[in-house]
Each structure stands twice: as structure tokens, then as C-alpha cells.
Amino acid sequence: MSLQHFISEAVSPWMKNDGPDSDIVMSSRVRFARNLKNYVFPILSNREHNLEVIEEVRNQFTDVPDDQVGQLELIEMDDLKPIEKRVLVEKHLISPNLIEQSKNGAVLLSENETVSIMINEEDHFRIQCLVAGFELKKALSLANSLDNWIEEKVDYAFDERKGYLTSCPTNVGTGMRASVMLHLPALVLTQQLNHIIPAINQLGLVVRGSYGEGSEALGNIFQISNQITLGKTEDDIVEDLQGVVRQVIEKERAARRALLDNSRIELEDRIYRALGVLQNSRIIQSKEAAKCLSDVRLGIDLGLVKGLSKSILNELLILTQPGFLQQYAGASLTPTERDIKRATLIRERLELEDQLTKNVEGDEQ
Amino acid sequence: MTCQECGERPATLHFTKIINGEKTETHICEKCAKEKGEVEPGTNHFSIHNLLSGLLNLENPIGESPAQSYYKPEISHCPKCGLTYQQFTKVGRFGCSECYKTFSDKLDPILKKVHGGNTVHSGKIPKRAGAAIEIERKVQNLRSKMKEYIEHEEFEKAAETRDLIRTLEDKSSSEGGE
């Protein structure tokens, strides 16, 4: 296993499995922020201490006892090229923060990319577990077992009253952020989401774009997560989030049905136009690509578009991000070159899909 | 579309910011974006920390009259990492675990604001470091249960609970707890 393994494929192995409610929920994630008792937090620490932390990780934490995770690969940010780092961000394996603001950052990745443990980010450890579909409990139990395993070997900064001590007081307590990535095209199209977001915010939950804090919702993909980390148990936080997400899923399904019932022809027009753009364009910007991919994915979920696999939205959305495009091209590209490359990639990918379907049909006859 | 900043190059990055329901759109080219520090997704520099430091500075609203300046709080700093409260209000982050003790008197109002009124942790406790705390929590739960039993005159159950508390307390002291 090496770095190449993580940056050559747009789709993480875990994405290939369909989780529960995968027509709407793309992934569930749980992350724990943890710090070491005897070191100052990364924002104030020096190079020497940072490297000590990384060394400790290298010596103790590459073999996970749990066989559902397998070996972990340690990757240091200082060893990576800018494009390679960017690819890891685009795949959600590391945060933009780790490459921009951290000194001597590193990450431990599992082969199936379900587990990512960032080191020397805002906190010493950021344990993250990503699973397909609506499965927060599964992500939580995996994060818990990794957390216990790490705690066997190091002393965490923990206070009886304040819980796990984190650099930012917005994470103190459980240090947990649980989030769900949702594809909500019908709620956006019917403009219901604008009314739903304030209601969600009042419940202590946050709605953001797909790349977290401050990012735009590319391709109608939204992330809902807990804001409050103190005074509630991990299970309660996850259950509250689950309850709200469950309702959002129902609302999205209802909006999709209503669209089909009331304006089927307009919806079909929109979806097939989007497919046409993706199949034929020669220059396409990432925003337009994301919009069209979202429309086509909606078409697939509603059974209007046949012969395309669901994972195509996830895959192409990541594959057509600037970092990935350049990694793929093996060179840095100007914005126009990227738009051309993006269009080519999408066309090729769709043609491949088409051939696959034809082969399957041929076999069946 | 040309870039809003330089008006020369084509705009290749499009940002939509929604702050307090007010939507602003920005269309800029890569060069200007880089200068403004807005290149990659999710790296919008107006982050939670900015918001947080906004909350922290509420204590000293701008425009406070100079006559009150002799009221200046003494500059407290963390003995372990050297962070001052002033610095904390700027970056919105603590420097080490000791900071939570150093600035404890100022902490609870902040925590209340960001955690829906909560100030005390009730979630997971680390197994090794928290074995004693775990027992302490159990004991407290049992004590309140025992009280309830006594109030309802269920003395047999109360006695059972008392024995359970004793066993737990013995266990914690034999394991080197307090």
C-alpha cells in the first residue's frame, strides 16, 4: 500500500457499497477530536514536538487490532506535492486545514479509506470514520473502537467536568462531530430547503456545503452535522441528528414524488438536457458539471435514466475537481485546460458506462 | 464573465456567501482569488474561529469610553503554554489542556453560548484515564437512587444499593483512586 493507492482512484472503496437510504444519503461520518495530555496543542507547538507526535504514531499506531479496518498507512504532508494534497482533500480524506494551517501535519489512512486519522491538525488527533449511506451508528461504533485502541497507548487530555479538551472550545466535551452528506435536488428545486435550514439550525445542528465550513453546496450536496458537543452523550447527539436527517429524507422523497406527479415532463426535460450536456460538451466548468451531475443522479434515482450506475455522481464530482483533474493529467493545467479536460473525462466515463450496459444486455440475450 | 476584482481575466471561481440570510455572489479569476485567499473549497477564511472570537469580544464592546480604561483586566496567561486571554480572544483557540484551568472563570459563559447552555460533559469517559471518574459517576447515580428508595420507604432496596455503593468505593480505592 502506498500513497498512489489513495490518489489514483476517485472513488473510495467504501463508496462502492450501497448503504441504507443511498438514494439520498451519500455518506455518514463521525469524527472525534483528541489531544495528548503532555503536549501543547498544535497551534502553539514547535516542529520538534510535532515530529515527536508523528514518531509516536508511527511506532504505535499502524497495526490496528480490529480486522475490519486492516493496516493503516502513515502519510506525512511534508512529503506530498501540492496536487497530491489537494486530491486527498477532494476525497474528504483530509481537511483543507491540515494542508493550509498545520505545521508537520500527517494522516493515517486505512486501505478501504473508511478510517482517516489526522495528526497535528487543530488537535493532535482527529479520528474520522466514513461509511456509505445512512449509517451513523456504524460510524460511531467504529470511531469508538479506534478511540479506545489509541487511548490504551497514550494519555488523552481529559477533564472530569469539561470532557475531552480540544483546542477550540466549540469542540470540547465529546469532541465529536457527526455528519451526514445528503443529495437534496428536489428540495432545492422546489425552494423548500431555504425554509428547512433555519429550523434545523434551531435544533443545534448545522447545514453546510459538501466541503464543510464555508463551502458552497456543489451539486446540491449538503452536510448536516451537530454543533453542540458538550453536555450531551455521543449516543444522544447521534440520535438527535438521525431523527432530523430522517425527516429531511422524507421531505426530499415527498418533493421528488410531487415533482414527478406535477411536472414530470419539465423534470424529464431538465434531466435529459443535463445528460446531453455531459455527453456532448467540450468545455465545462466545475459548477455546471456539478449541476448536471446532480440532475442526472436524480434521474437515475427516479428510474428515468437507465443504464447508469448510481455511484457516477460521487465519482465524477470528485474526479472533476481541479486537484484530481491535474493529478489525472499529470501536469498543472490552466483553468481553461481544466474545463476541457473535465469535459473529456466526463464524456469518456459516460461512454464507458454505455459500453458496459450494452455488454451486459448482449450477455443476457 | 470577467473577474470582478481585476476586470481583466475571465472569472473562473464563483462564490456564494449567505450570511444572516443575505446572499452575496462573487465571481473572480484564480489570480485574484489567490490574493484574497479563497482558492480551495472549504477554505473560506471566515471560519468558526472568527465567529467565536466575535463572541469572546462581546465583553469589551467597541466604543467603550477611555475613562474606563483603568479597569483593564490584569493580563493573565497560561503557565504551561504562555497563551494570554487576549490572544485567545483573537484566535478563538486554546494553546494546551492547562488553558481550560487557567481561564476557567471566563470559560463557562462562552461554553453556554456555543453549546446550548451546557457547561458540563456527560459523554464518553476514556477507559484508562477515566476509570475512577466512571466509578464516581456510578456512585452518584446510585446515591440518588438510594435516596429515592428511602423516600418511598423501600428500605430493602435502599440497603442493597448502599452495599453496591460500598463495593464500588472499595474497588476504586484499591485501584489507587482517591
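Per chain, numbering begins at 1; letters A, B, ... match sequence-line order.
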Which atoms of B/Ser104 come close to chain A, meaning under 4.5 Å heavy atom to heavy atom: side chain ones, backbone ones, both, or neither?
neither
Please flag which part of B/Leu107 lies under 4.5 Å from any non-hydrogen atom of chain A: side chain, backbone, both or neither.
side chain
State the [atom1]-[atom2] distance between [X] and [Y], to the nearest 0.5 angstrom.
X	Y	atom1	atom2	value
B/Phe94	A/Ile43	CZ	CD1	10.0 Å
B/His121	A/Asp159	NE2	CG	9.5 Å
A/Trp149	B/Lys127	CH2	NZ	14.5 Å

Quick check: are there more than 12 heavy atoms from other residues, nucleotides or ligands sitting under 6.0 Å from [atom1] of [X]?
X	atom1	result
A/Lys291	NZ	yes
B/Lys145	NZ	no
B/Lys112	NZ	no
A/Lys37	NZ	no

Count the heavy-atom pairs under 4.5 Å between each of A/Ile197, A/Thr336, A/Ile228 and chain B, then report the option with the highest count.
A/Ile228
Select, from A/Thr334, A/Asn171, A/Thr229, the one with the greatest count of heavy-atom pairs under 4.5 Å involving chain B.
A/Thr229
Atom of [X], atom of [Y] and distance for their closest heavy-atom approach:
X	Y	answer
B/Cys81	A/Val40	CB-CG1, 3.8 Å
A/Phe41	B/Ser97	CZ-N, 3.4 Å
A/Glu234	B/Gly123	OE1-CA, 3.4 Å
B/Lys124	A/Arg34	CD-NH2, 4.3 Å

Chain B neighbours within residues 160-167 of chain A, where any heavy atom lies under 4.5 Å away:
A/Glu160, A/Arg161, A/Lys162, A/Gly163, A/Tyr164, A/Leu165, A/Thr166, A/Ser167
Under the 3.5 angstrom rule, does the side chain of A/Thr233 hit a backbone N or O of B/Ser122 as a donor-acceptor pair?
no
Would the distance check show the side chain of B/His115 and the main-chain N or O of A/Lys232 forming a donor-acceptor pair, the cut-off being under 3.5 Å?
no
Across all chains, not counting sequence neighbours, the ring pair (Phe, Tyr, Trp, His ring centres under 6.0 Å) partners of A/His124 are none
Please classify the contact between [X] and chain B as side chain, backbone, both or neither, with a heavy-atom cut-off of under 4.5 Å.
X	value
A/Asp236	neither
A/Leu230	both
A/Val154	backbone
A/Asp155	both

